[in-house]
Undergrad: 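Sharing a structure here in structure tokens format.
Each chain gets a letter, A, B and so on, in the order the sequences are listed, and its residues count up from 1. For clarity, every value in this text was computed on a predicted model and none was experimentally measured.
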There are 2 protein chains.
Amino acid sequence: MRILIIEDEPGIAGFLKEGLEEEYFAVDLAYDGKHGLDFALTNEYDLLIVDWMIPALSGIEVCRQLRKAGSLVPILFLTAKDTVEDVVFGLDAGANDYMKKPFEFEELLARIRVQLRSKNSTDDMLRAGMLTINPATHQVFAGEEEIALTPKEFALLEYLVRNKERVCTRSRIIEHVWDIHFDSDTSVIDVYITFLRRKLEAADCEQLIHTIRGVGYIVREPASP
Amino acid sequence: MRILIIEDEPGIAGFLKEGLEEEYFAVDLAYDGKHGLDFALTNEYDLLIVDWMIPALSGIEVCRQLRKAGSLVPILFLTAKDTVEDVVFGLDAGANDYMKKPFEFEELLARIRVQLRSKNSTDDMLRAGMLTINPATHQVFAGEEEIALTPKEFALLEYLVRNKERVCTRSRIIEHVWDIHFDSDTSVIDVYITFLRRKLEAADCEQLIHTIRGVGYIVREPASP
DNA sequence: CATGATGAAGCTTAAATTTTGCTTAAAATT
DNA sequence: AATTTTAAGCAAAATTTAAGCTTCATCATG
């Protein structure tokens, strides 16, 4: 699940990002409304957390423009204001929920879960061949045997399996898994593909990740014999 | 014992939380029905205290949905209404008891004790491996031997063991055990984990608290040989 | 038509760097 | 005096970089 936070106070922004990443969300940060709107329009997020009072473009304006552009992404407002009019105003502008600062992180998580509930069909294990991935607990199994992965390894494998039978280009991978949004020549992907293949092979789970030369990678369900 | 309070009036909510914590209950708070239901569904509580008149989803609806989901947790209603029909209505919806506001804290405690009596009588102890925790007396035993812990050490261990076999993220720990809601830059947790591990090890109770790198900690029941 | 030279793309490995957690001692708080 | 918190140094793990190696497709040459 991908979340975009639009928040200018570095303290709050950092705290949110860390906490949400511990919960296995992929978190992007924008420090003002303009950049936030730009991010939201050019990427697919599952949820937006937007502060009301931010530079360049107010949170409410971001919200309005997103809705005008046809986006249906759930938006959760953060606000210091808590008069009735402000709340009404925010929800009218297209927000789905709001929280007044300061708030408890647990409550925020609960509100996020409410927004994402429809997407999370309770028991959503990812499968590919003999591989089972539990995104909730961060566990990967090859049959019965658990495979221990580092956070980056897990993120990459999860992304590939979520898109199984579809080609994942290098640029999409670097964008979704590494949060790098500009061109750069790095061979991290290759290295991590090697790591993954090695660990999968050690668990007798081979020939799952295939290379598409010049493009990227694909996870293919092996034909059962 | 863990209690969830679903109550939107901050005054009453705060008063209840404080009072119950002095009685050594671990108290969570939700400010409306939607999030209350979400908390109740995603955590294990020993008792719910639910206001009748709350935003988003009425107390009675929370109750109904919980019962529909198969939950047997005792639910204690708070209500300003006290006509016979209302009481019948609430109990029909699956509540176990109710109190009309304003109420005496002592009476509330008494009613809570009634609801928890069954749990206390059986076995109120928390267990994990050779460890036994008595939340009522704040005692910890490794087999027969008692381990002396400071209040913070106890609170942390109790939280971890209550959530055994589940990952406790750093954010959740700092929030539940330390009541800190916005500080991401402290290493108290690490220090206390070290304290605990040292004391547990001294009592031959090892490999109970495991580290999940980048996320937090988990207490795992050691596989019996 | 076969062959092997060539370069681009991907693979592998090791080393460097960064991040994260552990431990300790000292400082602050109760 | 006991407990809690901070801060700093150390250690381990994860991540990234960089270099050499392999594979593959292409194409010129015999």
Undergrad: Nearest-Å distance, NZ (B:Lys152) to P (D:dT6)?
TA: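 Value for this atom pair: 11 Å.
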Undergrad: So which pairs with a foot in residues 129-139 of chain A pass salt bridge (Lys or Arg N to Asp or Glu O under 4.0 Å), sequence neighbours left out?
TA: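 Listed by first then second residue: nothing to list.
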Undergrad: Are A:Lys164 and A:Glu221 close enough, and set up right, to give a salt bridge (Lys or Arg N to Asp or Glu O under 4.0 Å), and what steps lead you there?
TA: CA-CA 8 Å; A:Lys164 76 176 171 186; A:Glu221 198 92 34; 3.0 Å; yes
Undergrad: Return each pair, listed once, that meets salt bridge (Lys or Arg N to Asp or Glu O under 4.0 Å) where at least one residue sits in residues 137-158 of chain A; pairs must be two or more places apart or across chains.
TA: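 Every salt bridge (Lys or Arg N to Asp or Glu O under 4.0 Å) pair that includes a residue of residues 137-158 of chain A, provided the two are not neighbours, is A:Glu153-A:Lys199, A:Glu158-A:Arg162.
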Undergrad: Just jot down the salt bridge (charged side-chain N to carboxylate O under 4.0 Å, His left out) partners of B:Asp8, sequence neighbours excluded, or say none.
TA: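 Residues passing salt bridge (charged side-chain N to carboxylate O under 4.0 Å, His left out) with B:Asp8: none at all.
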Undergrad: Between atom CD1 in A:Ile189 and atom P in D:dT15, what is the gap in whole Å?
TA: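 Atom-to-atom, A:Ile189 to D:dT15, this comes out as 15 Å.
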Undergrad: Would you mind building the protein contact string for nucleotides 11-25 of chain C? One character per nucleotide, 5' to 3', B for base within reach (heavy atoms under 4.0 Å), S for sugar-phosphate only, - for untouched.
TA: BBB------BSBBB-
Undergrad: Can you name the residues that form a ring-ring contact (aromatic ring centres under 6.0 Å, His included) with B:Tyr159, not counting sequence neighbours?
TA: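 Testing B:Tyr159 for ring-ring contact (aromatic ring centres under 6.0 Å, His included), a comparison that skips the adjacent residues, returns B:His176.
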Undergrad: Which residue, A:Thr150 or B:Tyr192, contacts DNA chain D at a nucleotide closer to its 5' end, judged by nearest heavy atom?
TA: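 Closer to the 5' end of DNA chain D: B:Tyr192.
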Undergrad: Kindly say if A:Trp178 contacts the phosphate of D:dT16, meaning a side-chain N or O under 4.0 Å from OP1 or OP2.
TA: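 True: A:Trp178 side-chain N/O within range (under 4.0 Å) of D:dT16 OP1/OP2.
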Undergrad: Tell me which donor-acceptor pairs under 3.5 Å the side chains of residues 69-77 of chain A have, and how far apart each pair is, sequence neighbours excluded?
TA:
unit_1, atom_1, unit_2, atom_2, d
A:Ser71, OG, A:Val73, N, 3.3

Undergrad: Sequence neighbours excluded, which residues qualify as side-chain contact (heavy atoms from CB on, under 4.5 Å) partners of A:Glu206?
TA: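 A:Glu206 satisfies side-chain contact (heavy atoms from CB on, under 4.5 Å) with A:Glu201 only.
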Undergrad: Which whole-number value in Å describes the distance from A:Asp179 CG to D:dT15 P?
TA: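 After rounding, the reported distance stands at 14 Å.
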Undergrad: Between atom CG in B:Leu157 and atom P in D:dT4, what is the gap in whole Å?
TA: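 It is 14 Å, rounded to the nearest whole Å.
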Undergrad: Grab the CD1-P distance between A:Ile218 and C:dG10 for me, whole Å please.
TA: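 Nearest whole value for this atom pair: 15 Å.
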Undergrad: Mind listing the N/O atom pairs, protein and nucleotides 27-30 of chain C, below 3.5 Å?
TA:
none

Undergrad: D:dT4 P sits how many Å from B:Phe154 CZ, rounded?
TA: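 Distance check: B:Phe154 CZ to D:dT4 P gives 13 Å.
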Undergrad: Which of parallel (below 30°), tilted (30 to 60°) and perpendicular (above 60°) describes A:Tyr24 and A:Phe154?
TA: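 Ring orientation, 0 to 90° scale: tilted.
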Undergrad: Could you pull out all residues at least two apart from A:Thr194 that satisfy side-chain contact (heavy atoms from CB on, under 4.5 Å)?
TA: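 Applying side-chain contact (heavy atoms from CB on, under 4.5 Å) to A:Thr194 gives A:Arg198.
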